[in-house]
Amino acid sequence: MSVLQRQKQELISALHAAIDAARASGKLEVESVPEIGLEIPREKQHGDFASNIALVMAKAARKAPREVAQIIVEHLPQGGVIRAVEVAGPGFINFFLSHDWLYDTLRTIEAQGEAYGNCQYGAGEKVLLEFVSANPVGPMNVVNARAAAVGDTLARLFEAVGYHVATEFYVNDAGNQADVFARSLEARLQQLTNPDYPFPEDGYPGDYVRELAQVLQAERPDLLELPYEERIAFCKRWGTDKMVEMQKADLKAYGVEFDLWFRERDLHARGALEAVIDLLRQKDLLYEEDGALWFRSTRFGDDKDRVIVKSDGTYTYVTADIAYHHDKLQRGFAKLIDIWGPDHHGYIGRMKAAIQALGYSEDTLEVLILQYVALLRDGQPVKMSKRAGEFITMQDLLDEVGKDAARFFFLNRSPESHLDFDLGLAVQQTNENPVFYVQYAHARICSVLRQAKEQGLVVPTCGQVDLSLLQHEAELNLLKQLAALPEELLQAALLREPHRLTRYALDLAGLFHTFYTFCHILGEEAALRDARLVLVSNVRVVLRKVLGLLGVDAPEQM
RNA sequence: GCGCCUGUAGCUCAGGGGAUAGAGCAUCGGACUUCUAAUCCGAGUGUCGCAGGUUCGAUUCCUGCCAGGCGCGCCA
C-alpha cells in the first residue's frame with residue numbers, strides 16, 4: 001500500500017468512526033453507510049483531501065448535505081495528522097493535514113529507488129500483449145509506430161503493477177499478401193537482367209522491393225535457374241525474412257523489442273491449423289456450404305459465420321489467427337491483449353467467438369483498437385497511396401522527429417482518439433516539443449547534483465536531514481505529485497491509458513521548474529540545502545522512472 | 001443500413017456525477033551579475049455538437065438526432 005493510499009485509508013477510517021458515533025448518538029439516522037469516497041481536490045484551498053460523503057448520505061439521512069457534513073465533522077476523532085477540517089461548498093468535508101505523510105513519500109522513494117510506484121496488483125498473472133504485427137511485405141507505417149509506442153509502454157506498465165508480461169509480434173508470412181510480395185520480388189529480380197519482364201498487376205510497387213531484389217541478386221545469383229515454383233517459394237521465405245529483419249531493426253531503434261516474433265508459417269508447418277479445425281469439428285461448430293468450410297461463430301455472438309477453409313482448399317486469415325490464439329492460450333496465458341488498428345475492429349467479434357469456441361471466457365481476449373493517425377504537412381493532408389508505393393513510413397517519421405519526440409507524441413494522447421500528426425509542425429516545434437520540457441527538468445537536476453558533487457557534497461539520506469524544512473508551496477506541490485505516482489501507474493495500467501503517464505511526467509516537470517525558479521539549493525544554508533538535495537534527487541529518480549516507462553531517454557545534459 | 005471512434009478555448013488535446021471546466025501552442029506584458037531562460041511569472045477567450053431523460057446535482061451516465069473519420073470479403 002502506498003503512502004498516499006495509507007493516508008487515505010486513515011481518513012476513511014476516521015470518517016467511518018465519526019459516522020458510527022453520530023449514528024450511536026442518534027444525530028444521524030441512516031440504514032447503512034455507503035462507500036466513502038475521498039479525493040484530492042483540484043483547488044488547494046479545498047484542502048489536502050476532500051470527501052463528498054455528506055452529499056451522498058444527505059437523502060437517506062433526510063437532512064441538508066451541509067448539516068450532515070457538520071454532524072460528521074463534530075464526531076471526527078481529534079488530533080492525529082488532521083490539522084483542520086472544514087465543511088465547504090454544497091457539503092464537502094475538506095481535510096487539511098500535517099505534512100508528515102509527504103515526507104514519508106521521500107523516505108519510500110529513497111528505499112525503493114526506481115521500483116517506487118510499482119505494486120503487486122497483478123499477482124504475477126501471465127499476460128500476453130500482441131501488437132504491431134505489421135505484414136512483412138512492406139515498410140511499417142505511422143499507425144504501426146503508434147501501436148509500437150502504446151504497446152511497449154503498456155507492457156512496461158503491466159510489469160510495474162505486478163503482471164508477468166510477454167510481448168509478441170505476429171508475422172503474417174504465410175498468406176496471400178506474402179505470395180503477392182514473393183511474385184513482386186521475383187519480377188523485380190528478373191527485371192534486373194530483363195527490363196521488359198512483366199510486373200504482376202497486383203504487385204507491390206514500392207522501391208524497397210527493387211532494392212531487395214538487388215540484394216537478392218548478389219546473394220543468390222543462381223536463383224533464376226531454379227524452376228518457377230521453387231523460385232517463388234524462396235523469394236517468399238527469403239523476402240519476408242529480410243522484411244522481418246528490417247522491422248526488428250526499426251523497432252529496436254524505436255526502443256521496442258519483442259519477446260517473440262511468432263511466424264504464421266510455423267503454425268502451418270506444424271499442422272496447427274488442421275489441429276484447431278479438428279477441435280472445432282469435434283465441438284460440432286463447423287459445417288460445409290458452397291464448397292467451403294464454415295465456423296459457426298454466430299453461436300458466440302458474431303454477426304455472421306466465417307469461412308475457415310475456402311472452396312479452393314486454402315485457409316483464410318482467421319483460421320491461422322484462431323490457431324495462433326489457441327497456441328497462446330495453451331502456453332498458459334490468463335489474459336490475451338491484442339492491439340489492432342481501426343480497420344480491424346470488425347474482426348473482434350469473430351476472434352472473441354473463436355476464443356469462446358475453444359472453451360475460454362469471452363474476456364480472456366481483450367482487444368484495444370487504436371484510431372488512425374492522419375498525417376499532415378503544414379496543415380494539409382499528406383497524400384498516401386499504397387498502390388503507387390507512396391507513403392510516409394515509420395522510418396521517415398523517426399528520421400524527421402526522432403524517437404523520443406515520436407514516442408512522447410503518440411503516448412501523449414488517449415489511444416482511442418484520432419490523431420493529427422503534422423510533420424511540418426513536429427519538425428518546426430522540435431525545440432518546443434513537450435518531451436524536451438520533461439527531459440530538461442531531468443537534465444537540470446543532474447546539473448545541480450553534478451555541481452554539488454564538485455563542491456564535495458554528497459546527497460544525504462532522508463535520515464540525515466530535517467525534511468520538515470521543506471515548507472515552500474512549490475516544495476509541497478512537488479511532494480504531492482511524487483506521492484501520486486503509485487496510483488497513477490495502477491490507473492494507467494488498469495484503464496490501458498498510457499497517456500496518463502505523459503500527463504504525469506509533464507505535471508511533475510512543471511512543478512519542478514517552478515520549484516527551481518523559487519527555491520535555490522546550493523546557495524542555501526546547509527540544513528535547507530541538504531533537505532532540498534534529497535528532494536530533487538528523488539524527483540530525478542521518479543522522472544527517470546516515468547521516462548523509462550515511456551521509452552524516452554532521460555538525458556543528464558542538454 | 002449495421003458497427004467502432006471522435007465532437008471541450010483561435011489550433012492540438014486533457015479531464016470528468018459535484019465546489020469558479022484545464023494544459024500546451026499561438027497572442028500580449030514582465031523576469032537571466034545568482035544551481036542550464038529548452039525555464040519562470042502575469043493577462044484574455046468556452047451555448048463542453050444539438051435535444052430529451054436519470055439525479056439533490058450532468059459537460060461527465062442513458063436515449064435520440066447532427067457532423068466528421070474508419071470498417072462491414074471464400075483479402076490480410
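Residue numbering restarts at 1 for every chain, and letters A, B, ... go by the order of the sequence lines.
- Spacing of P atoms, B/G7 relative to B/G15, comes out at 10 Å, to the nearest Å.
- The side-chain heavy atoms of A/Asp173 and A/Lys236, taken from C-beta on, include no pair separated by under 4.5 Å.
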Please set out all donor-acceptor pairs under 3.5 angstrom arising from side-chain atoms of residues 516-530 of chain A, sequence neighbours excluded.
residue: A/Thr517; atom: OG1; partner: A/His513; partner atom: O; Å: 2.9
residue: A/Glu525; atom: OE1; partner: A/Ala527; partner atom: N; Å: 3.3
residue: A/Glu525; atom: OE2; partner: A/Leu528; partner atom: N; Å: 3.4

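- Scanning atom types as modelled, no donor and acceptor separated by under 3.5 angstrom connect the side chain of A/Thr316 and the base of B/C74.
- For the side-chain contact (heavy atoms from CB on, under 4.5 Å) test, residues two or more places apart in sequence or in another chain that qualify with A/Glu29 are A/Arg62.
- The side chain of A/Ser417 places no N or O atom within less than 4.0 Å of a non-bridging phosphate oxygen (OP1 or OP2) of B/C5.
- You'll find a donor-acceptor pair under 3.5 Å spanning the side chain of A/Asn94 and the base of B/A19, going by distance alone.
- Taking side-chain N and O atoms only, A/Thr517 has no distance below 4.0 Å to OP1 or OP2 of B/C41.
- The strand RNA chain B forms stems, runs of 3 or more Watson-Crick or G-U wobble pairs with distances below 3.5 Å, at B:1-7 with B:66-72, B:10-13 with B:22-25, B:27-31 with B:39-43, B:49-53 with B:61-65.
- When distances run from any side-chain atom of A/Pro342 to the nucleotides B/U55, B/C70, B/C75, the shortest one goes to B/C70.
- Between A/His46 and B/U20, a side-chain N or O to OP1/OP2 separation shorter than 4.0 Å is absent.
- Taking 4.0 angstrom as the limit, A/Tyr437 places a side-chain polar atom (N or O) nearer than this to OP1 or OP2 of B/C40.
- Ranking B/C35, B/A38, B/C5 by closeness to the A/Gln451 side chain, first place goes to B/C35.
- No donor-acceptor pair under 3.5 Å is formed between the side chain of A/Asn52 and the backbone N or O of A/Leu55.
- For the OP1/OP2 pair of B/G18 and a distance below 4.0 Å, the side-chain nitrogens and oxygens of A/Arg42 include no atom meeting the criterion.
- Set against B/G69, B/G71, B/G16, the side chain of A/Asp343 has B/G71 as its closest nucleotide.
- Proximity note for A/Thr514 (side chain, C-beta onward) versus B/A19, B/U6, B/C41: the nearest is B/C41.
- At B/C74, one or more side-chain N or O atoms of A/Lys304 fall inside 4.0 Å of OP1 or OP2 (strictly under the cut-off).
- Toward the 5′ end of RNA chain B lies the nearest nucleotide of A/His499, the other residue of the pair A/Phe515 and A/His499 mapping further downstream.
- Applying the 4.0 Å criterion to OP1 and OP2 of B/G73, one finds that A/Lys310 has every side-chain N and O outside that range.
- Applying the 90° criterion around 0 to the glycosidic angle, B/C32 comes out syn.
- Here the side chain of A/Arg413 is nearest to one of B/C35, B/A19, B/C13, namely B/C13.
- Between B/C50 and B/C56, the two P atoms lie 25 Å apart (nearest whole Å).
- Among B/A19, B/A14, B/C40, the nucleotide with an atom closest to any side-chain atom of A/Ala50 is B/A19.
- Place A/Gln371 and A/Ser51 on RNA chain B by their nearest nucleotides, and A/Gln371 ends up nearer the 5' end.
- Within the cation-pi definition used here (under 6.0 Å to the ring centroid, within 45° of the axis), A/Arg183 does not qualify as a partner of A/Phe181.
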